[in-house]
2 protein chains.
Amino acid sequence: MNETTETLTIGVLAEAAGVNVETIRFYQRKGLMQEPDRPQGGIRRYGDADLARVHFIKSAQRLGFSLDEVADLLKLEDGSHCTEAREQAERKLADVRARLADLQRIEGALQGLVERCCAASGQVQCPLIAALQAA
Amino acid sequence: MNETTETLTIGVLAEAAGVNVETIRFYQRKGLMQEPDRPQGGIRRYGDADLARVHFIKSAQRLGFSLDEVADLLKLEDGSHCTEAREQAERKLADVRARLADLQRIEGALQGLVERCCAASGQVQCPLIAALQAA
DNA sequence: CTTGACTCTGTACTTAAGTACGGAAGTAAG
DNA sequence: CTTACTTCCGTACTTAAGTACAGAGTCAAG
């Protein structure tokens, strides 16, 4: 019962996954997906597992994982490495929180600049430019 | 009184600005800084204005501006385009806020995954992996 | 006057995540 | 059977922000 029907061409698979055909090939070259056998010089066929794999990659990317990190996650795929997977997700979470803190500092600084800018008119120099000059 | 002393070599300038010599040259190629004249095939000298320029670029980068955007800001440098500068900063602020919102969604999703992961032990598959599979 | 450090110039390489292309071969419709 | 579309394969190009390097010239100290 493990034989899911492999009926999709690469073009249909790409379409279904919402990515470019070249992206599929690129993932294959990267080792993120393996290519099905080619029946006597014919055309490769793909199945639901391949579609799920593309979804996995894209979901992980949306959560901020790089393709190299996705490759690490895929090594844990058999389900017996739950702890490692969680640890990696925790590292990524810490990472995301650090980036959040950075962006919040930047937001505050930009907002301050925008408010000061042109509030004081008749100035020799634009406060925004001056602030960047000095910082 | 506009003649600030131009005494720094490119190495000293880079050191003072905390960047690589090659970075200075790269900014010159990009048109973000102009190169001082070369006295009869000699060595170029840099002054405080050049140092301020590097600081400006680096500050703007820290606020999330790309080098192309920095180039745009630099065109407004004479102080008579305060409004344009503010508009650009406002666009960047909106941009930063959008990225903040994205990251916050990601944070929530990752945190949820980490919490569910291994909370349910004895599972066939790791919930984190399964969630990415399905998403 | 030589040595070693620095500068100048141009070109090439780096990373990440793809995208584009050219030519050959397979495949489906009419 | 021909035409048109895909697929396959390998290679090259893209963007951003630099980094690295080779070969030639310059400069200051000893």
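On a predicted model such as this, the values are computed, not experimentally measured, just so you know. Just so it is clear: chains get the letters A, B, ... in the order the sequence lines come, proteins before strands, and each one is counted from 1.
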* Hey, which sits more toward the 5' end of DNA chain C by its nearest nucleotide, Asn20(A) or Gly41(A)? =>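 Of the two residues, Asn20(A) wins.
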
Does [X] place a side-chain N or O at less than 4.0 Å from the phosphate oxygens OP1/OP2 of [N]?
| X | N | answer |
| --- | --- | --- |
| Arg25(B) | dC8(C) | yes |
| Arg44(B) | dT7(C) | no |
| Lys58(B) | dG18(D) | yes |
| Thr23(B) | dT19(D) | yes |
| Thr9(B) | dT7(C) | yes |
| Tyr27(B) | dG18(D) | yes |
| Gln28(B) | dT7(C) | no |

* Drop me the distance from Arg105(B)'s CZ to Leu63(A)'s CG, to the nearest 0.5 angstrom. =>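 If we round to the nearest 0.5 Å, Arg105(B):CZ and Leu63(A):CG are 9.5 Å apart.
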
Once you round it to whole Å, what is the distance between [atom2] of [N] and [atom1] of [X]?
| X | N | atom1 | atom2 | value |
| --- | --- | --- | --- | --- |
| Gln61(B) | dG18(D) | CD | C1' | 10 Å |
| Leu32(A) | dG18(C) | CG | P | 10 Å |
| Gln40(B) | dC8(C) | CD | P | 13 Å |
| Ile24(B) | dA17(D) | CD1 | P | 16 Å |
| Glu69(A) | dA16(C) | CD | P | 10 Å |
| Glu15(B) | dT7(C) | CD | C1' | 16 Å |
| Ile43(B) | dT7(C) | CD1 | P | 6 Å |
| Asp68(B) | dA17(D) | CG | C1' | 11 Å |

What nucleotide among [options] has an atom nearest to a side-chain atom of [X]?
| X | options | answer |
| --- | --- | --- |
| Glu22(B) | dA17(C), dC8(C), dT19(D) | dT19(D) |
| Ile10(A) | dT7(C), dT19(C), dT7(D) | dT7(D) |
| Leu67(B) | dT19(C), dG18(D), dC27(D) | dG18(D) |

* More than 12 non-hydrogen atoms from neighbouring residues, nucleotides or ligands closer than 6.0 Å to CD on Glu15(B), yes or no? ->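 It does not: Glu15(B) CD has 12 such atoms or fewer within range.
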
* **All pairs passing salt bridge (Lys or Arg N to Asp or Glu O under 4.0 Å) where residues 30-44 of chain A contributes a residue, at least two apart** =>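 Qualifying pairs, neighbours excluded: Lys30(A)-Asp68(A), Glu35(A)-Arg44(A).
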
* Asked: Nearest nucleotide by nearest heavy atom, which residue falls closer to the 5' end of DNA chain D, Glu35(A) or Gly42(B)?
  ->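 Nearest nucleotide further toward 5': that of Glu35(A).
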
* Donor-acceptor side-chain pairing of Gln111(B) and Arg97(A) below 3.5 angstrom ->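 The criterion, which ignores hydrogens and geometry beyond distance, is satisfied for Arg97(A) and Gln111(B).
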
* Asked: Considering residues at least two apart in sequence or located in another chain, which fulfil the side chain to side chain donor-acceptor pair (under 3.5 Å) criterion with Glu22(A)?
  ->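 By the side chain to side chain donor-acceptor pair (under 3.5 Å) rule, Glu22(A) matches no residue at all.
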
* Base, sugar-phosphate, or nothing: which does Arg38(A) touch, judged by heavy atoms less than 4.0 Å apart? ->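 Arg38(A): backbone/sugar contact only, no base atoms under 4.0 Å.
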
* Asked: Heavy atoms under 4.0 Å, any strand shown: does Arg45(B) hit a base, just sugar-phosphate, or nothing?
  ->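 The residue Arg45(B) makes no contact with any strand.
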
* Below 4.0 angstrom, N of the basic side chain to O of the carboxylate: do Arg53(B) and Asp50(B) qualify? ->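 Looking at Asp50(B) together with Arg53(B), the answer is no, because their closest N to O distance does not fall below 4.0 Å.
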
